[in-house]
Undergrad: 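Before we start, here is the structure in question, set down as structure tokens.
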Number of protein chains: 2
Amino acid sequence: MSETTNHGSVRDRSREDIYDLILESGGMTRSELAEATGISRSAVTSAVGRLIREGRAVESEPDSKGPGSGSGRPANRITAVASGLPVAAMDFGHNHVWVAVADSLGNALGDSLTVIDVDYNATEAMDLAAAALDALRHEHGITTISNVVCGIPGPVDARTGLVKSPTILSSWVGLSPAQELGHRLGAPVHIENDAVLGAHGELRLGAGRHHKDFLYIKASHGIGAGIVIGGKPFTGSTGIAGEIGHTQLPNNTELCRCGKRGCLETVVSVQSMRKQLQHTHPHLDVTQLDLSTLDDAISARMLNEAGRTIGRVLADLCNLINPGAIIIGGELGASGEALIDGVRSSVHRYAQPATAAALEISAAELGTRAELTGALQLAAWRAQR
Amino acid sequence: MSETTNHGSVRDRSREDIYDLILESGGMTRSELAEATGISRSAVTSAVGRLIREGRAVESEPDSKGPGSGSGRPANRITAVASGLPVAAMDFGHNHVWVAVADSLGNALGDSLTVIDVDYNATEAMDLAAAALDALRHEHGITTISNVVCGIPGPVDARTGLVKSPTILSSWVGLSPAQELGHRLGAPVHIENDAVLGAHGELRLGAGRHHKDFLYIKASHGIGAGIVIGGKPFTGSTGIAGEIGHTQLPNNTELCRCGKRGCLETVVSVQSMRKQLQHTHPHLDVTQLDLSTLDDAISARMLNEAGRTIGRVLADLCNLINPGAIIIGGELGASGEALIDGVRSSVHRYAQPATAAALEISAAELGTRAELTGALQLAAWRAQR
DNA sequence: ACGGTTTCGTGCGTTGACGGATCGAAAGAG
DNA sequence: CTCTTTCGATCCGTCAACGCACGAAACCGT
């Protein structure tokens with residue numbers, strides 16, 4: 001069953017398959033392509049030849065020569081070339097907007113971070129983001145952008161493009177940021193949950209590269225999950241999968257903004273960490289504190305405990321979908337090994353032994369840039385459709 | 001990306017795609033095939049012509065004629081023909097073995113149910129199952145079986161084929177039933193978790209036909225889940241996804257066979273229902289009672305409460321994967337609307353509103369035959385590889 | 001009753017992708 | 001320096017896919 005969007009005819013399917021492969025892997029030899037696609041080397045050669053003639057790919061030098069690299073003639077590496085228009089990405093957080101531009105393959109050219117209260121006024125935040133992107137465009141001499149992907153820390157309905165409740169950005173609920181930003185930028189804008197984008201980034205360029213099925217957890221001001229199944233991001237039947245921040249914890253009655261009590265987000269979040277730090281470290285200014293700079297035993301224990309709380313929720317979810325990895329991103333994921341260790345110990349304690357044994361738990365390789373990177377990758381991919 | 005197992009070359013890919021489509025859908029017109037595959041009608045015609053010449057498909061009469069059926073020439077329906085060897089299935093339960101034979105398309109020819117204590121002695125149960133299948137074969141004049149799929153109510157490691165712990169069948173843990181049954185039957189045997197098979201059955205012939213993403217819950221002596229994502233069963237990175245029976249419930253300390261306390265299975269299962277019924281209905285013999293025959297208010301309330309307990313666990317899982325449907329199977333799923341209503345009310349209460357709104361919750365259309373039917377379907381599919 | 005419309009099925013010529021075979025090129029191994 | 005191994009390029013026979021045109025089989029309106 002060809003799930004690919006047959007743009008045109010099926011005759012070019014193999015060539016597009018090959019192009020997708022060299023695009024996603026970032027360089028393969030003809031033999032590897034023949035192996036991966038199952039078509040003959042001669043067919044691969046002709047397809048690659050056409051891609052090169054069309055300027056969509058280039059042939060680079062063989063990477064490893066010299067004794068010990070195996071006998072036989074070394075293979076040349078085929079690489080995709082950035083021939084199309086640049087793309088852009090936006091990452092809206094609780095109190096920042098992070099915008100970036102990239103070439104048509106999604107390789108970042110530059111980015112700029114603006115600190116504002118994004119939640120206070122959605123329209124103003126979007127104006128500011130559009131202005132920041134304009135400035136970045138001029139800085140890099142870019143006139144036209146073909147595609148923009150924009151991450152929102154909340155559920156996005158895939159059919160309507162509307163921001164659903166509950167989300168960190170309560171003033172955004174019911175808005176259609178794709179339309180509004182599309183007007184401002186004059187380019188097609190796709191809105192996506194930020195955890196899904198983080199999963200995308202780690203899948204292509206991070207800790208998820210060697211996993212077919214994994215969970216990406218964005219643990220920041222809220223907690224969301226991005227799911228990768230079979231090597232592809234999965235967003236559910238209506239696009240709002242991954243809403244794990246409002247799982248109810250036993251023995252916890254704190255009121256959540258979603259109206260329920262005892263949600264995971266009320267216990268584990270950047271805000272709650274800062275609140276606790278204010279008690280344990282009264283001399284610190286915690287309002288803009290980078291959690292990864294902490295290295296004392298007390299905060300390590302605090303972060304470890306936060307990780308254990310997350311891990312308890314993740315354990316049940318892992319029993320359901322049996323992932324190959326869990327990748328923790330967001331500010332809490334970047335805070336250090338203490339939190340990751342907490343997740344590990346809790347998952348191993350509460351999940352089925354066989355499930356836990358097959359599970360790698362790690363921090364996001366791309367750190368807090370995972371969402372932005374994934375958005376650029378997704379924008380580059382979407383620009384070619 | 002061609003995920004299909006390229007058996008041979010890619011030149012026949014479209015024809016095999018078409019064959020898979022008419023196989024899984026059970027009859028499509030040429031135009032529908034052209035629409036679904038994206039290739040032209042003339043190419044479909046030639047591929048279909050070759051399938052018919054090869055005896056793998058037949059052309060049946062147009063299904064709906066007469067006024068009101070839309071104008072234009074009615075389309076003929078292309079159906080796959082059972083040309084290969086028959087297949088078989090086995091469904092091991094807590095105290096029964098259910099075996100069946102089907103033609104090469106998975107259409108059931110006959111089945112037989114044997115009541116024994118399957119858990120007591122795994123080897124004996126397999127001997128008995130093999131004997132029952134042999135009897136069924138002779139009854140239908142079948143000499144050779146090409147493929148057998150066998151359902152087990154417990155986790156099955158996809159790589160090793162071993163039964164993992166915890167499972168209802170504790171004496172089976174560590175065994176490799178695929179090998180043992182393969183010796184007895186002289187045919188390739190594939191072992192699969194029974195909830196996965198139930199999901200397969202409902203996906204092809206039941207309530208999952210019109211859903212791409214759903215959860216099938218087998219609620220019987222244990223509780224397991226089968227996951228369908230993107231129209232395909234998903235079994236996790238090591239094949240043991242769906243183990244939701246040992247999710248810990250708050251405020252519940254009953255000891256479970258898995259060693260933990262407060263597992264879902266200890267509260268909701270056929271055994272616990274029977275135990276409760278023994279108290280409320282002292283005159284009944286509950287040991288072999290069919291739960292679907294109950295129609296009094298007391299047992300309805302009891303089943304409703306059981307449904308609510310299941311629903312509470314499912315709510316968190318739905319927030320993660322945002323499925324389009326939940327299908328409840330097993331003996332408890334077939335017990336009536338009271339339990340289903342309990343699941344509904346609990347999911348709507350504890351899941352995110354947007355997630356719950358996009359969710360259809362229903363009983364398995366195939367009832368307790370879902371697992372057996374799915375096993376036959378899967379066996380037919382596997383026989384063609 | 002009879003065209004008009006719509007949709008389905010099919011035959012045909014052209015295109016070009018696939019697969020197999022062959023040969024040369026570029027490296028390492030002995 | 002020769003042998004082996006692997007990769008790349010080329011040629012050619014085959015055949016799937018496309019587009020188009022035409023006929024077939026139904027419904028619909030007058």
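Just so it is clear: chains get the letters A, B, ... in the order the sequence lines come, proteins before strands, and each one is counted from 1. Any value given below was found using the heavy atoms of this structure, including those in side chains, with hydrogens, waters and symmetry copies removed.
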Undergrad: Rounded to 10°, tell me the angle between the two end axes of the helix from dA1(C)-dT30(D) to dG30(C)-dC1(D), each built from five pairs.
TA: 20°

Undergrad: Spell out, as yes or no, whether a donor-acceptor pair under 3.5 Å connects the side chain of Thr235(A) to the backbone of Ala241(A).
TA: no

Undergrad: Has Arg209(A) got a side-chain atom pairing as donor or acceptor with Gly206(A)'s backbone, closer than 3.5 angstrom?
TA: yes

Undergrad: Round to a whole Å and report the spacing from CG of Asn76(B) to C1' of dT10(C).
TA: 13 Å

Undergrad: Tell me whether the side-chain N/O atoms of Arg15(A) come closer than 4.0 Å to OP1 or OP2 in dG16(C).
TA: no

Undergrad: Using atom CD of Glu59(B) as one end and atom P of dA25(D) as the other, report the distance to the nearest whole Å.
TA: 12 Å

Undergrad: Hey, are the side chains of Glu202(B) and His211(B) touching, using non-hydrogen atoms and a 4.5 Å cut-off?
TA: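 SC-SC contact between Glu202(B) and His211(B) ruled out.
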
Undergrad: If we only count heavy atoms from C-beta on, is the Ser104(A) to Val87(A) side-chain gap below 4.5 Å?
TA: no

Undergrad: Among dC18(C), dT10(D), dC7(D), which is the nearest nucleotide to the side chain of Ala43(A)?
TA: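 Selected nucleotide (nearest to the side chain): dC18(C).
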
Undergrad: Find the distance Arg73(B):CZ to dG23(D):C1' and express it as a whole number of Å.
TA: 9 Å

Undergrad: Whole angstroms only, please: what is the CD1-P distance between Ile18(B) and dA16(D)?
TA: 11 Å

Undergrad: Expressed in angstrom and rounded to an integer, what is the separation of Tyr19(B) atom OH from dA16(D) atom C1'?
TA: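 So the OH-C1' distance, Tyr19(B) to dA16(D), works out to 20 Å.
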
Undergrad: Would you mind classifying the nucleic acid contact of Ser46(A) as base, sugar-phosphate or nothing, using non-hydrogen atoms under 4.0 angstrom?
TA: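 If one applies the 4.0 Å heavy-atom cut-off, Ser46(A) turns out to touch nothing in the nucleic acid.
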
Undergrad: Measure from CD1 on Ile78(A) to P on dC7(D) and round the result to the nearest Å.
TA: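 That distance rounds to 13 Å.
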
Undergrad: Determine the contact category for Arg30(A): base if any of its heavy atoms lies under 4.0 Å from a base atom, sugar-phosphate if only primed atoms, P, OP1 or OP2 are that close, otherwise nothing.
TA: sugar-phosphate

Undergrad: Under 4.0 Å: is that the gap between some side-chain N or O of Thr29(A) and OP1 or OP2 of dC7(D)?
TA: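 For Thr29(A), the contact criterion (side-chain N or O under 4.0 Å from OP1 or OP2 of dC7(D)) is not met.
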
Undergrad: Starting the side chain at C-beta, find the nucleotide from dA17(C), dC7(D), dG9(C) nearest to Arg41(A).
TA: dC7(D)

Undergrad: On a plain distance test, is the side chain of Ser42(A) in donor-acceptor contact with the base of dG8(D) below 3.5 Å?
TA: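 Under the 3.5 Å cut-off, the side chain and the base do not form any donor-acceptor pair.
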
Undergrad: Is any side-chain N or O of Thr45(B) closer than 4.0 Å to OP1 or OP2 of dG11(C)?
TA: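 No.
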
Undergrad: Quick one: Leu33(B) CG to dA17(D) C1', roughly how many Å, whole number?
TA: 15 Å

Undergrad: Round to a whole Å and report the spacing from CD1 of Ile39(A) to C1' of dA16(D).
TA: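 Roughly 15 Å, once rounded to whole Å.
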
Undergrad: Restricting to pairs with a member in residues 35-55 of chain A, which pass salt bridge (Lys or Arg N to Asp or Glu O under 4.0 Å), not counting sequence neighbours?
TA: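 Only Arg50(A)-Glu54(A), Glu54(A)-Arg56(A) qualify under salt bridge (Lys or Arg N to Asp or Glu O under 4.0 Å).
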
Undergrad: Looking for any heavy atom pair under 4.0 Å, which part of the strands does Ser31(A) touch: base, sugar-phosphate only, or nothing?
TA: sugar-phosphate

Undergrad: So, His140(B) side chain and Val101(B) main chain: donor-acceptor pair closer than 3.5 Å or not?
TA: no

Undergrad: Could you tell me if the side chain of Pro86(A) sits less than 4.5 Å from the side chain of Ile142(A), heavy atoms only?
TA: yes

